[in-house]
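Just so it is clear, the structure is predicted and the values come from calculations on it, not from any experiment. Letters A, B, ... are given to chains in the order of the sequence lines, protein chains preceding strands, and every chain is numbered from 1.
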2 protein chains.
Amino acid sequence: MATSSPGERVSLKHVAARAGVSVKTVSNVVNGYQHVTAETRARVQQAIDELHYRPNLAARNLRRGRSNVIALALPELDLPYFAELARSVIKAAEEVGWTVLIDQTDGLVEREQLVLDGIRGRLIDGLIFSPITLGAADLERRRDTTPLVLLGERVYDGPADHVSIDNLAAAQVATGHLVELGRRRIAAIGDQPRPTSQTAHLRLRGHLQALARAGLPAPPELVCPVERYHRADGAAAMHRLLDLPEPPDAVFCFNDLLALGALRALHERGVRVPDDVAVVGWDDVEDGRYSTPTLTTISPDKQQIASLAVEFLATQLESMQLESKQLESEQLESEGRGVPREVTADFGLAVRESTVGARAG
Amino acid sequence: MATSSPGERVSLKHVAARAGVSVKTVSNVVNGYQHVTAETRARVQQAIDELHYRPNLAARNLRRGRSNVIALALPELDLPYFAELARSVIKAAEEVGWTVLIDQTDGLVEREQLVLDGIRGRLIDGLIFSPITLGAADLERRRDTTPLVLLGERVYDGPADHVSIDNLAAAQVATGHLVELGRRRIAAIGDQPRPTSQTAHLRLRGHLQALARAGLPAPPELVCPVERYHRADGAAAMHRLLDLPEPPDAVFCFNDLLALGALRALHERGVRVPDDVAVVGWDDVEDGRYSTPTLTTISPDKQQIASLAVEFLATQLESMQLESKQLESEQLESEGRGVPREVTADFGLAVRESTVGARAG
DNA sequence: GTGAAAGCGCTAACAG
DNA sequence: CTGTTAGCGCTTTCAC
């Protein structure tokens, strides 16, 4: 008796037998192949339903040489920016029929290296990677050939497609906004000792340029380095700034978590925001829209970033498939997948209470 | 010339040829099988390195009948609670050698149904699912046999393993805390019209019980229904409460986002927290530790929840494997995988400024 | 429009 | 300790 067994090992063969057709025909139906008689299709479909047949993806992947699964590697899922980014990436990937698995690196060098070296083997078709520690050099010595798209500002001019926003310009906008508000002692929180951190470097440079353009001084004690970009670091840095003989009247924080932490510190010290100190963040995470006060921030277009990343991966996969079709072509030594693409997504400045405050904090 | 081609199609066969051994031996080395001469192992390893061999996971999965990939299905990754939960699940899964792919349902019935019906085919070994809309009935008619563990309070006594915290007890603790603080008009935000929402139901019940125990009235206008559990809903509900002729002096919000929204509303209306109104949340998300004021909240042990879920899945997989070994056993009609397990993880109450405030908000 | 057969890369018996 | 062989379930030429 052919009741559905517990393991439910129903394969094409069983369906074919039940429908009285060949496996090929069942396969055709399953894959929506056009040239099948309506009558045959119906019979096959019925057999599929009766047997609760589900195609074995492993077998299909093996045969097709593709899995339609990609990996998204990022530091931590519970950093709001990455959570929001992940959401967008998963959505964008879904639209082209891909499933996304997540690799959390915790921003650790070893783990980022593992991801780069293709820890996933041939399980994934592509990798979208937002590194923290990696530099262009690490990418150069990568051996894994899985299509790769880099996210964020950590690596420029590396040998891979790259999506980011114009950090220099955005930083200028952020600090420029504070200047226009009439602030004179504008601090920055988020500098990083690590030389590979393009993020900190670029944002700081934009900040200083905006200051210079306004003819404002940039005393070194107003540039606060931090270990990580978490709330606690922002709070600690803000406390340090407030301990200065001449505290700042504005702060540009290199991400929203730092800013949220700074807001917290300011509140603890009884400093009014924005009256005494104005605060600008970066990322436009949900929290900043409901914080007290709400946070003025650089707002990168995350959905656009996600779509671009997925699009890049898709074209890489396409060109890979082409390559393997024209196998013995002469220009085998064309060195890699062509020139890596560098694209910047849009950004805006979301002006909220932390700089133009309605009610004082 | 055997340079590594762009497609890098290196299989066991190639490695075997280069090392002058059989595929079996290479396979043994790759899988860390013990009984291989050190000398042979070294030669094979060298061939692997030279060829940059990476095992084809699709083939391995097909053969083994397991992928070591599981799916985590949840509403939205950018809801902080789920982001934190996801982080923990991925960590716990990693420890047993599993990779996690994410399915976002957006809390939509259709999507949750798809997940339940095994949209992933045989790609995944198991599913950890945190549903919003699904009830026990939906689970009963599930045909897919992929091992499943349910998270959260939505479904009790369903036909699947289930991990949650004791909602009734926790809700009593939350409201009890407000009672002890001497509050007399304690509101609740987060009731849900949806009948399937056990979450709302249980938390409300616990709340009312605590009130009753304290001999306090429970006027219906102090129980606020909301559409979703987002900040905006919390803010709107709080505004409604403040518009009451007799506003509350405390609020128990059924999650932290609602509470954060409520905090925001209170600030906009110039109401002091906790002096005028005390606020308790639920989830203990990171934001609440840095909000102004910081948020008192029910703190579920997320790591424990994650480990338990992974553990349940692991034992389900084990018993499945056993089943298929003793194929023609007589008790084939033993109906499913035994009695579903129901486990509650630990929780605590994190007392912060929103109820015992240092400086007033 | 449909069928027969080969084979993707790997692992698991079973020999030797 | 290592080699040979079969086959996981699917797609894909190629015939018919």
| message | How bent is the helix from dG1(C)-dC16(D) to dG16(C)-dC1(D), measuring the angle between the end axes built from five pairs each, rounded to 10°? | response | 30°
| remark: Rounded to whole Å, CG of Leu57(B) lies from P of dG9(C) at a distance of 14 Å
| said: Nearest heavy atom decides the nucleotide; on that basis, is Val36(B) or Arg60(A) closer to the 5' end of DNA chain D? | reply: Val36(B)
| said: Rounded at 0.5 Å granularity, tell me how far CG in Leu77(A) sits from CD in Gln104(A). | reply: 5.0 Å
| query | Atom CG of Asn31(A) and atom C1' of dT2(C): how far apart are they, to the nearest Å? | reply | 15 Å
| Closest to the Thr37(B) side chain: dC10(D), dT2(C), dC1(D)? | dC1(D)
| query | Rounded to the nearest 0.5 Å, how far apart are CG of Leu151(B) and NE2 of His162(B)? | reply | 7.5 Å
So which protein N/O to nucleotides 12-16 of chain D N/O distances come out below 3.5 Å?
none

| query | Between Arg341(A) and Glu311(A), is the closest basic N to carboxylate O distance under 4.0 Å? | reply | no
| field | Nucleic acid contacts - residues 38-48 of chain B versus DNA chain C, non-hydrogen atoms under 4.0 Å | value | none
| For Asn68(A) and dC10(D), what is the distance between atoms CG and P respectively, to the nearest whole Å? | 16 Å
| Short side-chain to backbone donor-acceptor contact, Glu112(B) and Gly107(B), under 3.5 Å | no
| salt_bridge(Arg43(A), Glu39(A)) N-O dist < 4.0 Å | yes
| field | Straight-line distance of Thr105(A) OG1 to Leu134(A) CG, nearest 0.5 Å | value | 9.0 Å
| remark: Between Val26(A) and the options Val30(A), Val23(A), Val29(A), the side chain to side chain contact (heavy atoms under 4.5 Å, CB included) test singles out Val30(A)
| query | Between Asp138(A) and Gly135(A), is there a donor-acceptor pair closer than 3.5 Å when you use the side chain of the first and the backbone of the second? | reply | yes
| Length of the line joining Leu62(A):CG and dC8(C):C1', which is rounded to integer Å | 4 Å
| request: For Asn56(A) and dC8(C), give me the distance from atom CG to atom C1', rounded to whole Å. | output: 13 Å
| request: Please work out if Val30(B) contacts a base, only the sugar-phosphate, or nothing of the nucleic acid, heavy-atom cut-off 4.0 Å. | output: nothing
| request: Take the protein atom OH of Tyr33(B) and the nucleotide atom P of dA12(C), then report the distance between them rounded to whole Å. | output: 11 Å
| message | Can you tell me if Gln303(B) has over 12 outside heavy atoms packed within less than 6.0 Å of its CD? | response | no
| Nearest listed nucleotide, side chain of Ser22(A), among dC10(D), dC10(C), dG3(C) | dG3(C)
| query | Nearest-Å distance, CG (Leu123(B)) to P (dC10(D))? | reply | 13 Å
| task | For the pair Lys91(B) and Glu76(A), find out whether any cationic side-chain nitrogen is under 4.0 Å from an anionic carboxylate oxygen. | result | no
| Can you tell me how far CG of Leu127(A) sits from CG of Asp103(A), rounded to the nearest 0.5 angstrom? | 8.0 Å
| said: Of the options dT2(D), dT2(C), dC10(C), whose atoms approach the side-chain atoms of Thr25(A) most closely? | reply: dT2(C)
| Rounded to whole angstroms, how far apart are CZ on Arg66(B) and P on dA12(C)? | 12 Å
| task | Walk me through it: do Arg87(B) and Asp106(A) pass the test salt bridge (Lys or Arg N to Asp or Glu O under 4.0 Å)? | result | CA-CA 10 Å; Arg87(B) 171 178 178 69; Asp106(A) 285 331; 3.0 Å; yes
